[in-house]
Student: 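Here it is, the structure in full.
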Amino acid sequence: MSEYKHQDIEKKWQRFWKENQTFKTEFPSNKPKYYVLDMFPYPSGAGLHVGHPLGYIATDIVARYKRLKGYNVLHPMGYDSFGLPAEQYAVQTGQHPAITTENNIARYREQLDNIGFSYDWSREVRTSNPDFYKWTQWIFIKIFNHWYNKESDKAEPIQVLFKKFSENGTKGVKAVCDEDVSTFTAQEWNNFSDEKKHEISLKYRLAYLSNTFVNWCPGLGTVLANEEVKDGVSERGGFPVERKEMAQWSMRITAYAERLLQDLDGLDWSDSIKEQQRYWIGKSKGCMLTFQIAPQPPKGEYSAASSEISGLSDGSSPFGGKGAAGVGGLSVFTTRVDTIYGVTYLTLAPEHELVDKITTPEQKAKVEAYIHYAKNKSELDRQADIKTVTGEFTGAYAINPLNNALIPIWIGEYVLAGYGTGAVMAVPSSDTRDYAFAKHFNLPIINVQEGEKTDITKEDFDPKAGTMINSDFLNGMDVKSALEAMTKRVEELGVGYGKVNFKIRDSIFSRQRYWGEPIPVYFKNGLPYTLDESQLPLELPKIDEYKPTANGEPPLARAKGWVAQEIASPQFFPNSDDSNQKASPQPLSKGEGLSGKASPQPLSKGEGLSKNYSHHTANKEIWQTLKTNARDNRKNPTEFEELMWQNLRNEKLGYKIRRQHPIDNFIADFICVPKRLIIEIDGDIHLSKENIEYDNYRTSLLNNLGYQVLRFSNTEVKENISKVCNKIKEKLDSLPSITTNDASTAPLSFGEGLGVRHQYPLETSTMPGWAGSSWYFLRYMDAKNESEFASKAALDYWQDVDLYLGGSEHATGHLLYSRFWHKFLYDLGYVKTKEYAKKLINQGMISSYSYFVDSYKGIIWQDGNGTELALLANGVSFISSVNRKDQEVIVNGQKLSNCYFKKRIRIPIEYIENNVVHKEKLEEFIKNDPLFDSYNINIDFNNVVYEKDNSGREFVSTHSEVEKMSKSKYNVVNPDDIVSKYGADTLRMYEMFLGPLELSKPWSTSSISGVSRFLRNVWKMFYDENGKFLVTDETPNDKELKALHKTIKKVEEDIERFSFNTSVSTFMVCVNELSDLKCHKRAILSDFLIILAPYAPHIAEELWEALGNKNGISYSTFPKHDEKYLIESSFEYPISINGKVRHKMNFPANMDLKQLENEALSTPEIIKWLEGKTPKKVIVVPNKIVNVVL
RNA sequence: GCGGCUGUGGCGAAAUUGGCAGACGCACUAGACUUAGGAUCUAGCGGGCAACCAUGGGGGUUCAAGUCCCUCCAGCCGCACCA
């Protein structure tokens, strides 16, 4: 091959890698492991632009490098394929999001393949694939079935909690749980019904359902997590978000707050991300204080410092347990308990539950008005004007627990309901917000600190400066000791205790959306239960439309038969401490499973129960028998049954009723399936005590299966059939219909061997976007495993991610939740590492140049407000800057100045050549672009100014701005175009060459030619222009070896510290040097190709093959540099006088320093600079520099 | 307001531990080859005629500072009444 034909070469080797499965990861393996991971992409419809592959190229270089270094490399890719855009598209078009997603993934894959990545595609994961989300649901179930024990500081099975409850009640249980849990004794607990126990447990589980204020986004029809809301609008789509109270699933991430914070220290992540997480977790050490509410508001003026309630000044504890009007104390969290003598008022959040109780009648109207005002203020508004001070006095007073001072209680929106206790003790002398509030409402201010920087009105105010004053026993202390002393004192007094508070909130886990993982939960009597693991995956149902239902339920509520079959016994039987053990099936007792007269043989214990079927399930053989028996029964009805049938059949009562139908191990006489009603006619023998007992037992079993049972005796049927029918009808009317896939047969469709069970409605919300991404990195370790999320062997071997690369926008979302889930799995013993990603790099964004041309002409005038308006040929538009060229004109009788003005017109980047747009291109753009009208309203291209270049070609000058790459900005550069024009290797190297990985930088296609030329120069070392192969077997000389070995050394160092841009420069220098040396020697070029291969794998493979190698370059060995080739025999010393380089001299590298100094000082050039003075000092740094100080 | 990051030629940048600032590349200029050039090759390329001046500004430490310290400024990102 004579020319460097990148298209052919790249396709060839991409095919080679695919056919040879070159990058399939070995497992098991004796090699050391290296796991390098990209944050997987959401496959958007727009496809990749050149910014996306930046990180992928970097990780690919590392992966290929590590393979050459002998590592077993895990380098996978997949898709975060659940998400809003596909669903929004589905809502609009009705196309199933799976189809949209599939198409988008296909396009992504094509684009990725073009760039020659070395992913092991056999491990691809997609979060929307049931094989994958089965395990996301599985983890959810695990989370649901665990609680957080603060004593052991880890998650433990809920059964352990149950055991504690049954032994000691709530006493001694230290759990992370809801605020409103009640206490009970072991005896009380043991007397609770199972359902009650379950209900209580919901307040302890790590996944729980609760009514919370959520970020409701009507535009998207879903709730959003805090980090999905930016500036009061949704991060995706920018729709307004409001506070709304809804029942929602949450994850108790707060339980892990401390560990999430602590373990950040050991992570090699950027400071920025770690800081953001620290801030988000928001740990603050402080003190929880209780202020009693004063019994009666005092008349007249009060003075915060001195007013004491009469009779209480003896210092005795005045208010016992309860304060005024039966209201308990008011809890306040403060980080500055040392300033308690400076408290002059308390402020509650308007939503605070005590507000209602303590507000005095006189203040009620005002307070209510204020609450109304605060409530109706949207989040956005609240954030927008934080400067405005608002609030209202409740009329109530609290008592300072330290000095019994009376302090008024206010409400104010500056206090957040969600933080701390929703109440603050205000110290206007030490807190700027409190100060602003106090100033605004004329509340007293007591200084409790003195000294420098303690004046709150001054710029340099430092809240922790100075020493304490006006603070009793604290006086004279600094803030730190005062804090300690006061914390101790309040604990002694029993009015408070030291407490650590976290800002982080439990994360809302439900989304009212279709395109997400269904939450594997059903509801029985209003309480949530998880599905049995054997029922996973709970697949997304088909639905007719992807919108919420008419009454606002999530889209899944549209699904027919969105019900669960309960197959495990309820999870609240703590049979064992092993959380993983399923509740054991309850065997059928003797005689059960029999119906009517022609009964099959009774089943004995365990008999007929296949291991795979739950205890309510008959196996196929029994089912066949039941079916046969039922058919016989139908053929030979008793007279009573026949009479009944004639009255029930053909929907005579308004409901379809079947007769002689198998239900699990029974045959029911009559059944109305959608109503779950069974009607039995019992013969007279049923009057015996034993039979009644048995009937009752059977009824209860059927009840457990979800059926109601009506029993009539033969006599009742015979004597008053209409009464019987009325009773049945009444019952049917009262029962809710249970919809199923096919109400006529579903519960009876027994073909799979599954019996009829009670069906319960399933949860209709789905999981949030971050669910799948919180653990996908583990799935890659064993992506095809059907029985576990990953095998122990794989988890033990791969351990964690060695290098994780992705955008910093996930700082408090994915990167926090995934750490949380990983710690949870760590607690359960599934993973061995506390953190899953040792090293994280956030690649910078690649921005782009947007190009504009100016069009001039129009009329400008000022409106009444002095705003300048421009009148265009076809309309009026506001412009901010004008270039005037005054000319007077008359418009509507008014004298106006006729100005030329500048209007920016966006020109798509593909029409730009060397920063100008040629006339024919501009015309083509106007003609071709369908979006032209919508993007460039009011544009008159006749007014652009054309210039001519040397060849007479007309063009228009443009100016450019660096902006985010986006479709709407007309500045997107598609990697496919770059690959087809310059090749994937050029793209890869150029992306790296742009600059440091972490920094944002603008893309400039014109600069790519340098890298392109470089690769052609590499080619030229192997082939001349006639295609003659130039490589020789000559022995390399020292210069060539030096050029090679310093490159090996530098490239290796660069990759190890992720400095890819400098490697590219190094390669260029090396090729320049070898070209100057006219080096075509195999020994040199062969090693050069190996070190180049991670960056430019295609050309490296091609030339490697040309050198006669058969096996591909990917698993060759990275050469080791040899220092002996790098040693210089001499060094050219810069000789500087007083730090300024004046001369250069060559000395042997190992020369004696004193001798060197002497020689340097005796050189004429230096003597000239010495001007006869004796140097004060001469510094000689070996092989660096000589500095003469005069 | 708070936190993090970043400021070096016309542009992207390099200088890893303080030791010749601007490597490497783009753009540009001149020349060569050529019917042609969006090809290739050669040379030049921070500013200044020069002494010198230059790493956002100012100050400091040091024989020596882009690099360390203080201070101010600008840009980007994140958070934002967190008690």
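The chains referred to below are lettered A, B, ... by the order of the sequence lines, with proteins before strands, and numbering in each begins at 1.
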Student: Think R433(A) has a side-chain N or O under 4.0 angstrom from the OP1 or OP2 of rG1(B)?
Tutor: no
Student: Quick one: are the ring centres of F437(A) and Y435(A) less than 6.0 Å apart?
Tutor: no
Student: Partner of rG1(B) by Watson-Crick or G-U wobble geometry, both contacts under 3.5 Å, or none?
Tutor: rC79(B)
Student: Can you say whether the rings of Y1095(A) and F1067(A) are parallel (under 30°), tilted (30 to 60°) or perpendicular (over 60°)?
Tutor: perpendicular
Student: Do Y990(A) and W1003(A) have their ring centres less than 6.0 Å from each other?
Tutor: yes
Student: Identify which nucleotide among rC24(B), rA14(B), rG38(B) has an atom closest to any side-chain atom of T1062(A), counting heavy atoms from C-beta outward.
Tutor: rA14(B)
Student: Enter the distance from K1176(A):NZ to T1174(A):OG1 here, rounded to the nearest 0.5 Å.
Tutor: 11.0 Å
Student: Which heavy atom of L264(A) sits nearest to which heavy atom of L260(A), and what is that distance?
Tutor: CG-O, 3.4 Å
Student: Over all strands shown, is F993(A) touching base, sugar-phosphate only, or nothing at heavy-atom distances under 4.0 angstrom?
Tutor: base
Student: For nucleotides 58-63 of chain B, which of its nitrogen or oxygen atoms have a protein nitrogen or oxygen under 3.5 Å away, and what is each distance?
Tutor:
from: rC63(B); atom 1: O2'; to: N1187(A); atom 2: ND2; distance (Å): 3.0
from: rC63(B); atom 1: O2; to: N1187(A); atom 2: ND2; distance (Å): 2.8

Student: Can you find a donor-acceptor pair, distance only, under 3.5 Å between S1065(A) side chain and rA23(B) base?
Tutor: yes
Student: Name the closest nucleotide to the L999(A) side chain, picking from rU6(B), rC52(B), rC26(B).
Tutor: rU6(B)
Student: Does the side chain of D434(A) pick up a donor-acceptor pair with the side chain of Y414(A) at under 3.5 Å?
Tutor: yes
Student: Give the rounded distance in Å between these two atoms: NZ of K1001(A) and P of rC24(B).
Tutor: 21 Å
Student: Reading RNA chain B from 5' onward, which residue's closest nucleotide shows up sooner: S272(A) or N501(A)?
Tutor: S272(A)
Student: Once you round it to whole Å, what is the distance between P of rA83(B) and CZ of R336(A)?
Tutor: 11 Å
Student: How would you label the contact of E998(A) with the nucleic acid (heavy atoms, under 4.0 Å): base, sugar-phosphate, or nothing?
Tutor: nothing
Student: Separation of K503(A) atom NZ from rC2(B) atom P, in whole Å?
Tutor: 15 Å
Student: Is there a donor and acceptor pair, one atom on the side chain of K1184(A) and one on the base of rC20(B), closer than 3.5 Å?
Tutor: no
Student: Would you indicate which nucleotide in rG4(B), rC26(B), rC81(B) comes nearest to any side-chain atom of Y414(A)?
Tutor: rC81(B)
Student: Mind checking K1050(A) for me? I need base, sugar-phosphate or nothing, with any heavy atom below 4.0 Å counting as a touch.
Tutor: base
Student: When you check the phosphate oxygens OP1 and OP2 of rC77(B), does a side-chain N or O of K964(A) lie under 4.0 Å from one of them?
Tutor: no
Student: Can you tell me how far P of rG4(B) sits from CD1 of I273(A), to the nearest Å?
Tutor: 14 Å
Student: Salt bridge between E258(A) and K283(A), side-chain N to carboxylate O under 4.0 Å?
Tutor: yes
Student: What is the nucleic acid contact for R1057(A), judged by heavy atoms within less than 4.0 Å: base, sugar-phosphate only, or nothing?
Tutor: base
Student: Does a donor on one side chain and an acceptor on the other come within less than 3.5 Å for S1063(A) and T1066(A)?
Tutor: no
Student: Can you see if the side chain of Y419(A) gets near the phosphate of rA83(B) - specifically, an N or O under 4.0 Å from OP1 or OP2?
Tutor: yes
Student: For N1061(A), answer base if it contacts any base atom (sugar-phosphate contacts may also be present), sugar-phosphate if it contacts only those atoms, and nothing otherwise; contact means non-hydrogen atoms under 4.0 Å.
Tutor: sugar-phosphate
Student: Is the phosphate of rU40(B), meaning OP1 or OP2, less than 4.0 Å from a side-chain N or O of N1017(A)?
Tutor: no
Student: Please tell me which of S1136(A) and S1009(A) maps to the more 5' nucleotide of RNA chain B, matching each residue to the nucleotide holding its nearest heavy atom.
Tutor: S1136(A)
Student: Atom CD1 of I846(A) to atom P of rG12(B): distance rounded to whole Å?
Tutor: 14 Å
Student: With rounding to whole Å, what would you report as the distance between rG18(B) and rC63(B) at their P atoms?
Tutor: 16 Å
Student: Taking the C1' atom of each, how far is rG46(B) from rC28(B), in whole Å?
Tutor: 14 Å
